[in-house]
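Given the structure is predicted, the values throughout are model-derived calculations rather than measurements. Numbering starts at 1 and runs along the sequence shown.
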Amino acid sequence: MSEHGRGPETGAGGWDPGAPGVLWLPSGRLVRGRALRRPLPDGPEPTFAVHLLGRRPPQVSWEAQWLRWPDFGLPVSRGEALRVLTQAWTHAAAGRVEIACGGGRGRTGTALACLAVLDGVPAREAVAFVRAHYDRHAVETPWQRRYVRHFAA
């Protein structure tokens, strides 16, 4: 059993649960959050990524979706955000999913909290869940916290 009490030391999707930036969702899905301003971490590449940026990101060698999301803001399209984040959550059942923005905290933390909601974490608890298990500074603005509370509602 792992320290989380959820089975073997490798989780769904192939990420190492103890690797930096890896969030273990209640279902057992593992999702990695990271800052695009930093180099790609050592280890396996993602099989699917969501890039949360105000402008189109550079091409990568794995499947990736761009969700237009300005720094310190919210997704430009609520419907597109729901579609892309649901797609990421689905891919996380069997693949290495990465959620990334410039700094890896505000937009990334908000998107990870939305994935937690999709995974069954109550919306009012999702920000605290991500702060406890990903980064204590995740979800940087009041409007990002409010967005999570109303995500998929």
Side-chain angles (χ1 to χ4, degrees), residues 2 4 6-121 126-127 129-141 143-145 147-148 151-152:
S2 75
H4 296 91
R6 294 190 178 134
E9 290 300 322
T10 56
W15 290 125
D16 172 358
V22 173
L23 175 66
W24 196 329
L25 294 168
S27 67
R29 287 171 166 89
L30 299 174
V31 182
R32 180 173 75 189
R34 82 171 179 103
L36 290 170
R37 291 188 201 120
R38 296 204 169 111
L40 190 65
D42 290 336
E45 292 180 340
T47 56
F48 183 82
V50 178
H51 295 146
L52 313 164
L53 298 168
R55 59 183 162 174
R56 186 171 298 281
Q59 290 289 106
V60 292
S61 61
W62 50 86
E63 184 180 357
Q65 293 284 325
W66 170 42
L67 185 55
R68 200 156 82 176
W69 192 327
D71 201 7
F72 294 103
L74 297 173
V76 171
S77 167
R78 185 176 184 89
E80 182 72 358
L82 178 60
R83 184 189 69 75
V84 169
L85 294 175
T86 299
Q87 187 178 12
W89 180 80
T90 300
H91 276 273
R96 289 183 304 276
V97 172
E98 176 178 87
I99 307 294
C101 67
R105 286 187 168 171
R107 293 168 287 182
T108 296
T110 303
L112 290 173
C114 291
L115 291 180
V117 170
L118 291 172
D119 204 63
V121 174
V127 171
F129 176 84
V130 169
R131 286 179 174 168
H133 301 289
Y134 170 69
D135 185 311
R136 65 187 180 101
H137 299 291
V139 192
E140 296 174 313
T141 69
W143 44 91
Q144 289 171 339
R145 289 190 300 275
Y147 183 83
V148 172
F151 182 75

Next on the checklist: Can you confirm if the NZ or CZ of Arg29 lies within 45° of the ring axis of Trp89 and under 6.0 Å from the centre of its six-membered ring?
Outcome noted: yes
Checklist entry - Do Val31 and Val22 pass the side chain to side chain contact (heavy atoms under 4.5 Å, CB included) test, and can you show the C-alpha distance, the side-chain angles, and the key distance before you say yes or no? => result CA-CA 6 Å; Val31 182; Val22 173; over 6 Å; no
Which side-chain N or O atoms in residues 58-73 pair as donor and acceptor under 3.5 Å with protein atoms at least two apart or in another chain?
residue, atom, partner, partner atom, Å
Ser61, OG, Glu45, OE1, 3.4
Trp66, NE1, Leu53, O, 2.9
Trp66, NE1, Arg55, O, 3.4
Trp69, NE1, Gly73, O, 2.8
Asp71, OD1, Arg107, NH2, 3.4

Checklist outcome for this item: What one should report as the nearest heavy-atom pair of Glu140 and Gly106 is OE1-CA, 3.3 Å
Checklist entry - Hey, does the side chain of Arg131 reach the backbone of Ala138 with a donor-acceptor pair shorter than 3.5 angstrom? => result yes
Next on the checklist: Nearest 0.5 angstrom please: Asp119 CG to Cys114 SG, how far?
Outcome noted: 12.5 Å
Item to check | Single hit among Ile99, Thr108, Leu40 for side-chain contact (heavy atoms from CB on, under 4.5 Å) with Arg34 | outcome: Leu40
Checklist entry - Is any side-chain heavy atom of Thr110 closer than 4.5 Å to a side-chain heavy atom of Phe151? => result no
Next on the checklist: Distance check, rounded to the nearest 0.5 Å: Leu112 atom CG versus Tyr134 atom OH?
Outcome noted: 6.0 Å
Checklist outcome for this item: For Pro26 and Val121 the tightest heavy-atom approach is CG-CG2, 3.6 Å
Checklist entry - Less than 4.5 Å apart, any side-chain heavy atom of Val130 and any of Leu23? => result yes
Checklist entry - Got Val148 and Val117 here, is their nearest side-chain heavy-atom distance under 4.5 Å? => result yes
Checklist entry - Sub-3.5 Å donor-acceptor pair from the side chain of Arg96 to the main-chain atoms of Leu30, do we have one? => result no
Checklist outcome for this item: Taking every heavy atom of Ala35 against every heavy atom of Gly102, the minimum-distance pair comes out as CB-O, 3.3 Å
Checklist entry - Are any side-chain N or O atoms of Trp15 and backbone N or O atoms of Pro44, one a donor and one an acceptor, separated by less than 3.5 Å? => result no
Next on the checklist: To check you understand the geometry: which heavy-atom pair defines the closest contact between Phe48 and Ala88, and what is its length?
Outcome noted: CE2-CA, 3.6 Å
Checklist entry - Should the pair Arg32-Glu98 be classified as a salt bridge under the 4.0 Å nitrogen-to-oxygen rule? => result yes
Item to check | Sequence neighbours excluded - salt bridge (charged side-chain N to carboxylate O under 4.0 Å, His left out) pairs with any residue from residues 72-90 | outcome: Glu80-Arg83
